[in-house]
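Presented below is the structure to which this report refers.
Computed from a prediction, not measured in an experiment: that's the story for all the values here. Throughout, a chain's letter reflects where its sequence line sits, starting with A, and its residues are numbered from 1.
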Number of protein chains: 2
Amino acid sequence: MTNRDELGNSVLRSAARLTRWASRNASFDVPMAQARLLALIEELGPSRISSLAAADHCSQPTMSTQLQRLEAEGWAERIVDPADARASLISLTTAGRAALGRVRRARLQALSPAFDQLDAAAVARLQDAVDALDDLLVRAAAAADTVADAGARHTR
Amino acid sequence: MTNRDELGNSVLRSAARLTRWASRNASFDVPMAQARLLALIEELGPSRISSLAAADHCSQPTMSTQLQRLEAEGWAERIVDPADARASLISLTTAGRAALGRVRRARLQALSPAFDQLDAAAVARLQDAVDALDDLLVRAAAAADTVADAGARHTR
DNA sequence: CTAGATTACATAGGCAGCCTATGTAATGCC
DNA sequence: GGCATTACATAGGCTGCCTATGTAATCTAG
């Protein structure tokens, strides 16, 4: 048990450390959350605000304000959903796609000195690490949802 | 090229996702930064504020305020460094060590449903992932320091 | 066809976490 | 003794996230 407990703490600690380091050292003009949102919109295509919030695992108001920032930069635009006047469909502008490209390049530039030292085996190992983290997150999120559903059922 | 670039983005994205998920779902009473600081003080033993800031890769004012919160909770205490009246030596109180234990248990509880599903191979894979991330961070930080030093040399 | 529930989103207010710039007190050096 | 340096504190600001709540559009039951 101590074994797995220790591992759980290690995973979270290492992931958090790397993330914090990247956000400190990757000097992009674009804040993390905006960059994430740009990528998300690109991935999903025209989407509603609530869909984006669900996909990003954040609250709807948080997504609303983040989107307003993207719009202020001219990186995203919204059209009223023709099927439902309450909702809007969000998509990237040309400038938004360009900004996303800049962000990705800047982020890589911060990591590249480290990556340049890696041999093929280390690259493969990192690739496997990414898969392992993604897998863990999927399981954790699924388990949390199950718990939440069970809780909701109790309150009905 | 595209291969490594893609991997770089993947690593950062996956680590960030896991971290964000954990901070949302691990319902401990103690905020992330405080928890980190508790662990850091435990690891380093009596230390100066500036040392803690360096170890945590944050600024000295940030560490000052975080420490004030730990002190307010009664989890850390400081004594004036007998060798230098400007500095103080920070250490955990008994309550602080207890709080650290609670945090670790709470954090594990959030992850444990996911961990319970893992077989031995998956655990080993995660362990390797942690090592890979740590290694990457060490390389990245070292590379960044080298660049910083070179820059500093230029300004002299 | 209309009153109430529901849905989609916006706004308000608050807290964590981090930064830079700058002030203050102790120390070290010439 | 005077001046730079060092260790830390304070001020002010930004991102990023939350909950609570308001508003307008839509759906639904009667």
Side-chain angles (χ1 to χ4, degrees), chain A residues 16-17 19-41 46-73 75-90 103, chain B residues 16-17 19-40 46-73 75-90 103 156:
Chain A
R17 275 186 183 161
T19 300
R20 285 196 337 123
W21 181 88
S23 70
R24 268 183 67 105
N25 289 277
S27 58
F28 25 102
D29 37 335
V30 186
M32 288 283 283
Q34 255 96 318
R36 231 173 41 229
L37 184 48
L38 285 172
L40 187 62
I41 299 175
S47 313
R48 297 181 164 199
I49 286 187
S50 43
S51 308
L52 293 174
D56 199 43
H57 301 292
C58 74
S59 70
Q60 169 264 313
T62 295
M63 185 54 71
S64 274
T65 53
Q66 293 297 356
L67 235 171
Q68 284 164 11
R69 292 178 194 177
L70 285 197
E71 286 184 276
E73 298 283 350
W75 292 338
E77 59 190 359
R78 63 174 84 190
I79 61 169
V80 173
D81 187 335
D84 186 341
R86 294 168 301 179
S88 28
L89 294 175
I90 316 297
V103 164
Chain B
R17 275 185 184 161
T19 300
R20 283 196 336 125
W21 182 88
S23 70
R24 268 183 68 106
N25 289 278
S27 58
F28 25 103
D29 38 335
V30 187
M32 288 284 282
Q34 256 97 313
R36 233 174 39 230
L37 184 48
L38 285 172
L40 186 62
S47 314
R48 298 181 163 197
I49 287 186
S50 43
S51 308
L52 293 174
D56 198 46
H57 301 293
C58 73
S59 70
Q60 168 263 313
T62 294
M63 185 53 72
S64 273
T65 53
Q66 293 296 357
L67 235 172
Q68 284 164 12
R69 294 179 193 176
L70 286 197
E71 285 183 276
E73 298 283 350
W75 293 338
E77 61 191 356
R78 63 175 86 192
I79 61 168
V80 173
D81 187 336
D84 185 342
R86 295 167 302 178
S88 27
L89 294 175
I90 316 299
V103 165
R156 275 174 203 151

Are [X] and [Y] side-chain neighbours, meaning at least one heavy-atom pair lies under 4.5 Å?
X: Leu70(A); Y: Ile41(A); answer: yes
X: Leu89(A); Y: Arg48(A); answer: yes
X: Arg69(B); Y: Leu37(B); answer: no

Value in whole Å for how far the [atom2] atom of [N] lies from [atom1] of [X]:
X: Gln34(A); N: dG16(D); atom1: CD; atom2: C1'; result: 9 Å
X: Asp81(B); N: dT6(D); atom1: CG; atom2: P; result: 16 Å
X: Arg48(A); N: dA24(D); atom1: CZ; atom2: C1'; result: 14 Å
X: Arg78(A); N: dA8(C); atom1: CZ; atom2: P; result: 15 Å
X: Arg20(A); N: dT15(D); atom1: CZ; atom2: C1'; result: 15 Å
X: Arg36(A); N: dG16(D); atom1: CZ; atom2: P; result: 8 Å
X: Ile90(B); N: dA7(D); atom1: CD1; atom2: P; result: 14 Å
X: Asp56(B); N: dG17(C); atom1: CG; atom2: C1'; result: 11 Å

Mind listing the N/O atom pairs, protein and nucleotides 3-5 of chain C, below 3.5 Å?
none

Residue list, side-chain hydrogen bond (donor to acceptor under 3.5 Å, both in side chains) with [X], at least two apart or on another chain:
X: Glu71(B); value: Arg78(B)
X: Ser64(B); value: Gln60(B)
X: Thr65(B); value: none

Pull out every residue in residues 63-71 of chain B that has a heavy atom closer than 4.0 Å to any atom of DNA chain C, ordered by number, or say none. Gln66(B), Arg69(B)
Value rounded to 0.5 Å, distance of [atom1] in [X] from [atom2] in [Y]:
X: Met32(B); Y: Thr19(B); atom1: CE; atom2: OG1; answer: 6.5 Å
X: Asp81(B); Y: Ile79(B); atom1: CG; atom2: CD1; answer: 7.5 Å
X: Ile49(A); Y: Ser88(A); atom1: CD1; atom2: OG; answer: 4.5 Å
X: Leu40(A); Y: Met63(A); atom1: CG; atom2: CE; answer: 6.0 Å

What string of B, S and - do you get for nucleotides 20-30 of chain C, 5' to 3', when a contact is any protein heavy atom under 4.0 Å? BB----BS---
Taking for Pro31(B) and for Ile49(A) the nucleotide of DNA chain C with the nearest heavy atom, the one nearer the 5' end belongs to Ile49(A)
OP1 or OP2 of dC9(C) sitting under 4.0 Å from any side-chain N/O of Ser50(A)? yes
Does Arg20(A) use its side chain to pair, donor to acceptor, with the backbone of Cys58(B) at less than 3.5 Å? no
